[in-house]
Number of protein chains: 2
Amino acid sequence: MVTEQSAADRPTKQRGRPRSFDRDTALEQAIRTFWERGYEATSVADLTRAMGIGPPSLYAAFGDKRSLFDEVVVEYAARYGSFSTRAFEQELTARAAVERMLREAATEYTDPGHPRGCLIISAATNCATPEVEEALRVKRGQNIAAFESRIRADVASGELPADADAEALARFSGAVLQGMSQQARDGASREELERVAGLAMLAWPQA
Amino acid sequence: MVTEQSAADRPTKQRGRPRSFDRDTALEQAIRTFWERGYEATSVADLTRAMGIGPPSLYAAFGDKRSLFDEVVVEYAARYGSFSTRAFEQELTARAAVERMLREAATEYTDPGHPRGCLIISAATNCATPEVEEALRVKRGQNIAAFESRIRADVASGELPADADAEALARFSGAVLQGMSQQARDGASREELERVAGLAMLAWPQA
DNA sequence: GCGATTTTCTAGTGCCCGCTATAGAATTCA
DNA sequence: TGAATTCTATAGCGGGCACTAGAAAATCGC
């Protein structure tokens, strides 16, 4: 139908029985559950328990497990992964941006207020559903590509030496971030991860 | 029974129908499968297909899925993870050992002759069986602890400066190794990983 | 109140999971 | 040869998986 309305601009008064749960807080609980256990190891029963709703409500509000996870990834990036893009928007140099990103990652990845590490890094490793694994793989690749273009700009502007290897610095930064995520899930403290971040910055050209 | 014989020193002529497959090559196929897909995403059906045997043969020869995985981890470490311990045994300094380990990891993790990355790093992330996840977590921790004690020895001997942070250098090295494993699984080439390893070594004290 | 509409609850569906009972096949010892 | 022993193949066990049919419940416009 062309006359369909999206959920966003639907009038406040809708017909039929109103939904008995808040969609957004239910989504937040889904984020936490996938974040903690990963896509494959999280069952729909785990989700309905955490979200406090029955299976039919979940399927009506979010579609199947796969599309719920897609939405979870988008919301996770907006709610918990924004520190990285913010660092790149607000810092003046690629080096300062990466340093800030790694240092804030040390804090975020060990925040006791939510599961440890990064959902995009860890939630779909060894996933029996290849499309889900591939989706997060692509997101990780996009992040590293963003690092690289930012570093390349600083090489072009002379902020970084002309012989700096932008591709390698970007991949190295991504690898350290991923290592920090696993270290966080393995129990490392914020201070320990901050020292890892500090060491990683020594790899940058000491202009 | 006290008179039982272990499989190792059992006489060559044993009674009963002989096993129709080679236990060691079957184990190798199990290693490859768990390495590729991880513990949880690998079904017993996947294993029997890869190993070329029926379920009863698998259970008779290796016990259940869990104990097969335990054996796989031990054999994986011996067959594919030995480059790390070898570097630490043969190199004269902690720094040279870590450098060699990281550079050889770049080669091993991208070897086209077997699955990418490191089984101990990636095969039990997001695992619904907590004991399996914990077992590999412990192994990773032991590796980093081994790095640390080796670095600490070089600090004590004066090979490294007295203010070098052994604990941080060890954790950093482990994080880079873990990041390289994920990068390898995400498609990075050997050369790309070698540049990551090269950058990581710049974090060491430039005595 | 009444029909229309939407959500919720209960109770499943079929499928694949790890695992095994049973029967038959292949070997050794006497 | 025959008994004992050990392995293999088939077939299926109970259980949890993602997912849904169907009826009851809660709101709407009128």
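Numbers restart at 1 for each chain; the letters A, B, ... are given by sequence-line order, proteins then strands.
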Note to self: The side chain of B/Arg15 is closest to which nucleotide in this list: C/dT28, D/dT10, D/dA18?
What the structure shows: C/dT28

Margin query: Which nucleotide wins on minimum distance to the side chain of B/Arg17, given the candidates D/dA18, C/dA25, D/dT20?
Written below: C/dA25

Next item on the list: Look at A/Glu167 together with B/Arg195 and state whether they make a salt bridge at an N to O cut-off of under 4.0 Å.
Entry: yes

Check: Would you say the ring centroid of B/Phe34 lies under 6.0 angstrom from that of B/Tyr76?
Finding: no

Check: Measuring from A/Arg79:CZ to A/Glu28:CD, what's the distance to the nearest 0.5 Å?
Finding: 5.0 Å

Notebook entry, point to check: CZ of A/Arg23 versus P of C/dT6: gap in Å, rounded?
Noted result: 16 Å

Checklist line | A/Asp64 CG - D/dT20 P separation (whole Å) | finding: 8 Å

Note to self: Would you say A/Ser57 places a side-chain N or O within less than 4.0 Å of OP1 or OP2 belonging to C/dT8?
What the structure shows: yes

Margin query: Without decimals, in angstroms, what is the distance between B/Arg66 CZ and C/dC17 P?
Written below: 20 Å

Item checked: Between C1' of C/dG18 and CZ of B/Phe69, the distance in whole Å -> 16 Å

Notebook entry, point to check: Whole-Å distance between C/dT7 P and A/Tyr59 OH?
Noted result: 17 Å

Next item on the list: Report the residue (A/Lys65 or A/Gly16) whose heavy-atom-nearest nucleotide on DNA chain D is the more 5′ of the two.
Entry: A/Lys65

Next item on the list: Using atom CZ of B/Arg19 as one end and atom P of D/dA9 as the other, report the distance to the nearest whole Å.
Entry: 13 Å

Next item on the list: Nearest whole angstrom, please: distance from the P of D/dA18 to the CE of A/Met51.
Entry: 13 Å

Margin query: Less than 6.0 angstrom from the centroid, inside 45 degrees of the normal: does A/Lys65 satisfy that with respect to the ring of A/Tyr59?
Written below: no

Checklist line | Nearest-angstrom distance from the residue atom CZ of A/Phe62 to P of D/dA18 | finding: 16 Å

Checklist line | Among C/dC17, D/dA26, C/dC19, the one nearest B/Ala45 by side-chain distance | finding: C/dC17

Margin query: Reading DNA chain D from 5' onward, which residue's closest nucleotide shows up sooner: A/Pro56 or A/Tyr39?
Written below: A/Tyr39

Next item on the list: Classify the angle between the aromatic ring planes of A/Trp35 and A/His114 as parallel (below 30°), tilted (30 to 60°) or perpendicular (above 60°).
Entry: parallel

